[in-house]
Structures are given as C-alpha cells and as structure tokens.
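Because only heavy atoms are used, hydrogens play no part in the values below, and waters and symmetry mates are left out as well, while side chains stay in. So that the names make sense, note that chain A is the first sequence line, chain B the second, and so on, each numbered from 1.
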There are 2 protein chains.
Amino acid sequence: MSQRVSALSIIDAIAGDLRRRIYAGDLVQGTPLTEAELAASYDVARPTAKAAIERLVADSLLERGAHKTARVKTLGAESVRDIYFARAFLESEVVRRLARTATVPEAARRANTEIEARLSQAATAIIDPDMDFHTALVDAMGNQRTSAMYRSLLGEVRLCMTRVQSLELLDSAQIASEHATILERIAAGDPEGAAGALDGHLAHARELLAAELEGNAGHRS
Amino acid sequence: MSQRVSALSIIDAIAGDLRRRIYAGDLVQGTPLTEAELAASYDVARPTAKAAIERLVADSLLERGAHKTARVKTLGAESVRDIYFARAFLESEVVRRLARTATVPEAARRANTEIEARLSQAATAIIDPDMDFHTALVDAMGNQRTSAMYRSLLGEVRLCMTRVQSLELLDSAQIASEHATILERIAAGDPEGAAGALDGHLAHARELLAAELEGNAGHRS
DNA sequence: CAAGTGTACTTGTTAGACAATCGTAGGGTT
DNA sequence: AACCCTACGATTGTCTAACAAGTACACTTG
C-alpha cells in the first residue's frame with residue numbers, strides 16, 4: 001500500500017514520505033531503517049532507498065554510523081538545548097533587525113492568525129503554522145543563505161516541536177500570545193524588546209522539553 | 001592516473017579530491033563534470049561518481065538542474081553579496097557575544113599568527129589560516145548546530161576567498177591587521193566595537209569582489 | 001530562413017552480485 | 001562456570017550492465 005508517491009524524483013518522493021512519517025510519529029525514535037527493507041516496502045531498487053536514507057541523514061532526521069543501520073534520530077536533552085540555543089541565536093538577531101526598521105512580515109502575521117484559528121483543535125495542529133511563523137521571520141531578512149541555514153535546522157526543530165505538542169507541554173494559546181507579543185514589539189520598533197520576547201518564547205519551550213527528556217527516558221506510546 | 005584516493009569511503013575521497021581541485025582553481029567556474037567522465041577518470045563506477053557529485057552539489061560547490069550536467073558553481077555579484085551578508089549576520093553576533101565575556105578564542109589567535117607568518121608568501125597561502133580564524137570564532141560559541149550552519153556556508157566562502165586572493169584584491173597584511181583589531185576589541189569587552197570591526201572587515205572584501213564581478217564578466221585564465 | 005523532427009548524449013533508475021564489515025551467538029579454554 | 005575467540009548471519013559499500021527518460025543540438029524540410 002504505497003501512498004501516492006510519485007512527484008518529480010522517486011528519491012525525493014520516498015524521502016518526503018519518510019519525513020512525513022517521522023513527523024507524524026509513525027516512525028518512533030530509534031526505529032531501524034534498513035536499505036533492503038525500505039526498498040522492498042516502496043518497491044524500488046536498493047540504491048534508490050539508500051539515496052533517500054542519505055538525504056534524511058543529511059537533514060539530521062536519521063542517524064547512522066559507517067556500516068550500521070540507519071535509525072530515526074533520538075533527541076537527548078543536550079541536543080534539544082543545542083538546537084534551541086542555535087535557533088535563539090539566529091532568530092533573536094533576526095527580530096532585532098526587523099524591529100530596527102519596524103518591518104512586520106505579513107506572512108508571520110498570517111501564520112499566527114492561523115494558529116489562533118486552530119486553538120480548539122488538537123495541540124499538534126498548530127505545529128505547521130508555528131513553523132511557518134518562525135520561518136517567515138527569517139525569510140523576511142531577504143537573505144537566501146541565512147534562510148537556507150535556518151532551514152537546515154528545521155528538521156530537528158520539527159522533531160522537537162512534535163514532541164512538545166504531543167506531550168502537551170505548552171498551551172497553544174500561550175504560544176499564539178507570545179508570537180503576538182514578538183510581532184507587536186517589532187512593529188513598535190523595539191529591537192531589544194522583540195529579541196527578549198523571542199528568547200523567552202524559545203527558552204520556555206526549551207526548558208520544558210529538556211526537563212521532560214532528562215526526567216524520564218522517554219518511552220511513551 | 002588516479003591520485004591516491006582511498007581514505008575511508010571512496011565517495012568521500014573523490015568528493016574531497018574534487019573539492020581540492022575546485023579550491024585550487026584547477027577546475028574553473030562553469031566546468032562541466034559529467035558522471036561518466038568522472039567515473040572514468042577516477043576508475044570507479046558511475047553511481048559512485050554520481051554520489052560524489054551530489055555531495056558537492058549539497059555543498060554548493062557544483063550546481064545542476066534535473067537531467068543536466070553538473071557544473072562548477074559560477075558566483076555572480078549578487079551571490080557574493082548574499083554570502084557575505086549571511087557571514088556578517090552570523091559572525092558579527094558571534095563576536096558580540098564573545099566580547100560580552102571578553103573571551104578570546106585561542107585557536108583564532110593562533111590562526112592569525114599563522115597568517116602573519118605567511119605574509120611573504122603568495123596571497124593564496126593565507127586562505128587556509130583565514131578560514132581557520134573565522135571558523136575558530138564561531139566554534140568558540142560552543143554550539144554544535146551553529147557551527148554546522150556556518151560550515152554549510154564555508155564552501156562558497158572559500159570560493160569567494162580564492163577569488164579575492166588570486167585576484168589580489170586585498171593586502172594580506174591588512175587582513176591580518178583587521179583580524180587583530182577584532183580580537184583586541186573582544187579582549188577589551190567591547191561588543192559593538194568588535195562587531196563593527198568584523199562588519200567592516202567583511203564589507204571590505206565583499207564590495208571589492210562584488211565590484212570586480214560586476215565590472216568584467218569574469219573570463220580570465 | 002524558420003520551424004519541426006530526430007538523433008546523440010546524459011542522467012535516472014533498476015537488477016543482480018560480491019567484498020567488507022559489524023553484531024552476535026556459539027564453542028573452546030582456563 | 002566464566003571468559004575469550006571464532007564463525008556465522010545480516011547489512012552496508014561498491015561494481016557491472018542495462019534500459020528508460022529527458023535535454024540539447026543539428027539536421028531536414030517547408
């Protein structure tokens with residue numbers, strides 16, 4: 001029962017489908033993915049499956065050592081802190097610069113409106129617009145390479161967010177509210193206020209998730 | 001006559017050798033690299049050559065569209081500006097934070113000493129220690145993902161630097177001096193001074209190279 | 001001379017195969 | 001009985017050979 005996986009390149013399609021399944025929690029942390037197994041399940045040749053795996057390894061969604069089977073990435077507390085620190089480093093400087101010219105990205109505003117519209121749905125429903133919100137901020141810088149660098153973090157960020165939202169560590173309404181504060185500080189031309197609000201927003205999620213991961217080793221269906 | 005290309009993985013070895021040849025100017029901008037040609041010259045199978053090419057495309061050292069032959073990346077003025085802007089964005093915030101705690105990375109100091117030691121050599125001799133200097137600054141943040149993001153820029157940065165140094169657009173002694181100023185401002189605990197010095201350092205190289213690329217379309221043996 | 005066609009070149013993907021390597025289970029030794 | 005060493009199975013790394021599909025350029029034709 002292969003999903004409609006036939007976009008442009010077969011490899012892209014398989015990599016995309018695996019990504020989707022990992023984000024959806026279909027493939028749990030530590031799940032081994034052998035090349036032969038994948039090739040059989042998608043009915044493609046092994047080199048094709050291999051290429052798809054390598055793509056996800058490059059995205060840090062899978063990890064594997066030489067000659068070892070690829071496994072879905074396991075996030076520890078220190079990885080989470082590293083990821084969120086990198087985000088905060090990059091994004092806080094982004095909003096600082098946006099605030100300097102009081103430039104509020106329209107796409108970010110739209111994304112937050114979408115989050116507010118989904119408050120009554122499951123917590124996981126706001127993951128997509130949440131990612132859109134932060135991506136929109138970075139993209140508003142208008143610098144291709146900076147956006148590309150940020151995008152290389154997004155795979156792991158998404159892993160974290162899936163975790164945060166499925167454990168319901170954060171209230172969706174609070175997230176929307178913090179986003180609104182960030183946009184408001186940008187509009188007010190308050191660089192430090194905007195950067196501070198963003199740092200707080202990320203620190204909040206970071207510590208909750210890190211504490212959760214340190215507390216229990218994390219097995220929960 | 002295949003070079004001694006047999007490190008850990010054959011693919012790594014070929015990708016590494018191609019990288020070296022691109023940096024060395026052996027492979028000029030726009031040079032087409034067909035899979036079959038590469039496979040023959042390194043005496044490996046085509047899929048192996050393909051994988052090496054894909055790795056360099058991921059590094060942005062080669063570019064290719066679907067079903068088209070990979071070519072060595074051609075840098076235009078706008079790409080150069082984009083690259084240097086991204087660098088300045090990231091690095092200026094790095095030195096700002098380092099200056100806040102007056103933390104001078106030992107590795108950066110060593111790298112600049114190495115540059116000074118090579119002032120009498122060819123201009124291209126300082127490329128490696130120059131890259132080491134900037135990498136050391138970012139690494140001093142102690143954040144793995146930030147270092148990884150910066151590293152994803154390094155391939156193109158190196159392309160730019162090779163260009164700057166081979167055209168002798170900048171005086172090596174001046175580079176060393178600007179580096180020294182940055183370190184001195186960090187040591188003095190002067191965040192804005194350090195960030196400003198770094199911005200100036202990068203802006204200098206950026207505008208010279210961009211102007212050069214805008215001036216003549218860039219054919220020179 | 002312009003437009004459509006065709007052909008050669010290149011990449012995308014497949015199939016099957018073999019060597020190298022890793023993990024583990026089993027047997028031998030103390 | 002405990003420990004080390006070996007052998008086996010599973011998995012990955014790479015190769016050869018081949019076909020399908022797409023692109024670019026030249027050629028023919030109107």
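Using a 4.5 Å heavy-atom cutoff, the side chains of B:Arg118 and B:Ser172 are not in contact.
Atom CD1 of B:Ile53 is separated from atom P of C:dT11 by 7 Å (rounded to the nearest Å). To the nearest angstrom, C1' of D:dC15 lies 12 Å from NZ of A:Lys50. Atom NZ in B:Lys68 sits about 14 Å away from atom C1' in D:dC25, given to the nearest Å. Counting to the nearest Å, the P atom of D:dT12 and the CD1 atom of B:Ile11 are 14 Å from each other. Rounded to whole Å, the distance from CZ on A:Arg71 to C1' on D:dT12 is 14 Å. Look at OH on A:Tyr42: it is 14 Å from P on C:dT14, rounded to the nearest Å. Computed from coordinates, the A:Leu33 CG to D:dA10 P distance equals 19 Å when rounded to whole Å.
Rounding to the nearest 0.5 Å gives a distance of 8.0 Å between OG1 of A:Thr69 and CZ of A:Arg64. For the atom pair CE (A:Met131) and CG (A:Leu154), the distance works out to 4.5 Å, reported to the nearest 0.5 Å. Rounding to the nearest 0.5 Å places CD of B:Glu63 at 12.5 Å from CG of B:Leu56.
Residue A:Arg46 is classed as a base contact, given a heavy-atom separation below 4.0 Å to a base.
Remark: A:Asp128 engages A:Arg158 in a salt bridge, criterion side-chain N to carboxylate O under 4.0 Å.
Comparing atom distances between the B:Arg64 side chain and each of D:dT12, C:dT11, C:dG23 picks out C:dT11 as nearest. The A:Thr69 side chain lies nearest to D:dT11 when the options are C:dT14, D:dT23, D:dT11. The listed nucleotides are D:dT16, D:dT11, C:dT13; the one nearest the side chain of B:Ala45 is D:dT16. In this structure, of C:dT14, D:dT14, C:dT11, it is D:dT14 that holds the atom nearest to the side chain of B:Ser9. In this structure, of D:dT14, D:dT23, D:dT12, it is D:dT14 that holds the atom nearest to the side chain of B:Ile10. Considering only the side chain of A:His67, C:dC22 comes nearest among C:dT11, C:dT14, C:dC22.
When each of A:Glu54 and B:Pro47 is assigned the nucleotide of DNA chain D with its nearest heavy atom, A:Glu54 is the one assigned upstream, toward the 5' end.
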